[in-house]
Amino acid sequence: MSFSVQNEKTSKAGFFTVAGAVFWSFLGIRRRQDYESDAESISLKQVVIAGIIGGLIFVVGVVVLVNVIVVNIGTAN
Amino acid sequence: MNTATTTVNGHSAGHEGHGHHPAGLMRWITTTNHKDIGSMYLWFSFAMFLVGGCMALTIRSELFQPGLQLVRPEFFNQLTTLHGLIMVFGAIMPAFVGFANWMLPLQIGASDMAFGRMNNLSFWLLPPAALLLVTSMFVPGGAAAAGWTLYPPLTIQQGMGMDMAIFALHILGFSSIMGSINIITTIFNLRAPGMTLMKMPLFCWTWLVTAFLVIAVMPVLAGAVTMTLTDRHFGTSFFSAAGGGDPVLFQHIFWFFGHPEVYIVIIPGFGVVSQVISTFSRKPLFGYASMVYAVAAIGILSFTVWAHHMYTVGMPVTAQLYFMYATMFIAVPTGVKIFNWTATMWRGSLSFETPMLFAIGFIFLFTVGGFSGLVLAMVVVDVQMQDTYYVVAHFHYTMVAGALFSAFAGAYYWLPKWTGHMYNEKLGQVHFWLSFIFFNMTFFVQHFLGIAGMPRRIPDYALQFTDFNQISTIGAFGFGLSQLLFLYNIITCIKGGPKAPAKPWEGAEGLEWDVPSPAPYHTWEVQPVVK
């Protein structure tokens with residue numbers, strides 16, 4: 001996660017690179033090698049936007065999971 | 001981690017001890033120097049720690065035996081409320097802002113914080129806020145007595161002490177937001193050449209995330225207490241059921257602030273502990289990248305779990321399950337940190353000076369607090385435990401053993417840099433062991449009280465809770481008195497003691513150890529170059 005602010009203009013990370021970085025951040029794990037390449041390529045703006053989107057996806061994912069569970073409670077027996 | 005190639009302090013050292021600033025009281029009132037302001041923050045927070053601590057000891061004295069002995073129940077409620085507000089907003093938060101003021105510029109190679117005058121104002125807003133909180137005990141009706149969470153309808157019904165608490169929170173919020181803007185700007189704009197964000201010490205990283213959290217949530221708290229204020233005086237009914245409002249709405253707004261606030265309090269402590277453990281293990285931090293990722297993730301996820309504080313107020317089972325799962329998930333990045341600290345120590349060349357003892361104590365006890373948090377995250381368990389002493393035990397394991405122990409670790413770690421003298425190591429270690437033993441004596445037994453059903457914030461209790469309460473009270477006095485050792489150690493360290501070298505800790509890394517001890521009044525006037 002980068003994020004040299006000065007490097008913002010030279011950012012070249014693609015969608016999947018940023019999404020991957022955010023995914024691993026939610027687990028709290030990252031290889032040093034990948035981290036260093038993230039830091040080279042991902043801009044601060046990208047990581048903030050991707051982090052917020054990641055947070056929304058997480059919330060929606062848990063809400064869907066919970067709804068599936070609640071709907072199936074009645075049918076379990 | 002960083003190698004500064006500079007002789008910058010040749011100039012600075014010449015001004016040591018006599019910077020260009022007014023003398024006496026005016027120095028402290030008008031200062032824009034980050035070290036002066038950092039010192040004032042630290043002294044202020046310690047003073048508030050003693051005030052809040054005295055309140056805690058009065059609470060524990062009343063609870064030494066069942067029945068009402070020392071204080072009236074109304075005053076007991078005021079004490080629990082003020083103890084919480086003072087410790088969170090007056091002691092712990094300012095303590096870490098003090099660390100940030102002192103250490104951030106030194107660690108990133110900046111000559112000062114970005115906005116010197118705003119920094120001065122951030123600090124000087126604190127004493128009036130503290131005065132408002134403390135003097136509210138003496139106004140008609142007494143201080144706010146609704147608990148630090150300030151739930152309506154109690155807050156709508158109380159006297160002018162409540163208004164004083166609301167105003168104090170507004171002021172404290174202003175101060176925190178300004179402090180955070182300063183920290184973010186300093187980190188983004190004043191880093192030394194070569195000090196990329198990924199080379200920053202973890203303390204800077206944790207403060208960067210914390211500062212964003214502060215800016216995001218303090219206005220939410222300000223909104224909630226302002227709505228309370230208008231409900232009280234201007235005829236609105238945001239939270240008043242009588243006028244069609246909803247008291248539960250306040251709880252949602254408060255905890256949308258309150259849960260990130262928990263992380264605001266603890267995340268800078270993560271940074272301190274990371275540096276201390278790395279230093280005294282004589283190894284670089286294991287998984288620096290993971291730590292940065294985990295802190296950032298916790299920052300984002302902390303906004304998604306607030307209602308686990310209020311399972312019992314009534315919400316759909318879907319919502320209960322959502323908050324339960326989300327809360328359990330947020331434990332994953334936190335667990336990664338515990339793993340990283342442990343792995344840093346693994347096969348390290350360990351030594352156990354006082355900062356390291358507090359850092360290891362932090363890991364042990366914060367893990368206990370984290371696990372009891374997971375217990376409370378389960379809806380079915382929480383319905384039983386809500387508002388019992390189990391909750392009190394849980395959050396004191398995170399706030400005291402977490403935030404406070406990491407602040408002690410940081411204070412001992414950087415004290416030689418601040419004062420130019422080594423503190424008394426033996427006394428520091430005694431301070432640790434007494435704190436560790438008495439802390440557990442005070443709070444571990446409260447788990448049992450909570451499971452047995454003793455409610456919190458009540459000055460009386462049933463007879464069967466007596467034994468554990470007496471143990472807890474004795475522990476609390478032991479813990480409180482142990483802190484006087486800390487004060488004594490600091491004062492003697494400021495006054496004299498063995499001269500501290502620029503880098504008193506063998507394994508320490510970072511720019512702050514390149515400047516002499518005590519750090520000159522002006523440092524890094526010429527920025528170092530970091531390789």
Side-chain angles (χ1 to χ4, degrees), chain A residues 1-8 10-11 13 17-74 76, chain B residues 184-185 187-191 193-200 205 208-209 212 216 270 284-306 316-340 379:
Chain A
M1 286 193 154
S2 134
F3 329 107
S4 182
V5 174
Q6 295 92 326
N7 285 347
E8 258 186 88
T10 59
S11 148
T17 315
V18 182
V22 168
F23 170 77
W24 285 112
S25 83
F26 280 14
L27 281 181
I29 305 169
R30 194 63 165 160
R31 262 193 226 113
R32 175 164 284 275
Q33 220 179 325
D34 293 340
Y35 168 77
E36 275 164 8
S37 82
D38 289 351
E40 294 285 308
S41 62
I42 304 176
S43 74
L44 186 71
K45 204 186 288 174
Q46 280 177 313
V47 98
V48 169
I49 293 169
I52 292 168
I53 293 172
L56 287 175
I57 291 171
F58 168 71
V59 169
V60 171
V62 179
V63 167
V64 168
L65 173 71
V66 163
N67 274 300
V68 168
I69 291 170
V70 170
V71 166
N72 288 318
I73 287 172
Chain B
I184 292 171
T185 314
I187 290 177
F188 278 162
N189 293 315
L190 299 186
R191 297 194 311 282
M195 174 63 79
T196 58
L197 284 170
M198 62 173 284
K199 279 188 187 165
M200 286 195 310
W205 257 115
L208 184 62
V209 173
F212 275 109
F270 288 167
L285 186 68
F286 179 89
Y288 171 85
S290 306
M291 289 294 246
V292 172
Y293 273 61
V295 168
I298 286 173
I300 293 172
L301 295 178
S302 67
F303 288 98
T304 65
V305 297
W306 74 90
V317 70
T318 320
Q320 288 182 325
L321 282 177
Y322 164 78
F323 285 109
M324 179 169 88
Y325 291 155
T327 304
M328 294 199 166
F329 189 85
I330 205 173
V332 175
T334 311
V336 167
K337 287 196 183 53
I338 303 283
F339 172 77
N340 281 341
V379 178

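Here the structure is a predicted model, which is why all the values come from computation and not from measurement. Letters A, B, ... mirror the listed sequences (proteins, then strands); counts begin at 1.
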B/Phe329 and A/Val62: side-chain contact (heavy atoms from CB on, under 4.5 Å), yes or no, with the steps?
CA-CA 10 Å; B/Phe329 189 85; A/Val62 179; over 6 Å; no

Walk me through it: do B/Tyr325 and A/Ile69 pass the test side-chain contact (heavy atoms from CB on, under 4.5 Å)?
CA-CA 12 Å; B/Tyr325 291 155; A/Ile69 291 170; 3.3 Å; yes

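Residue B/Phe286 qualifies as open at atom CZ: its count of foreign heavy atoms under 6.0 Å is 12 or below.
Counting heavy-atom pairs closer than 4.5 Å to chain B, the top-ranked of the candidates A/Val66, A/Ile52, A/Asn67 is A/Val66.
For B/Leu301, the part lying near chain A is the side chain, with the backbone staying farther off; criterion is any non-hydrogen pair under 4.5 Å.
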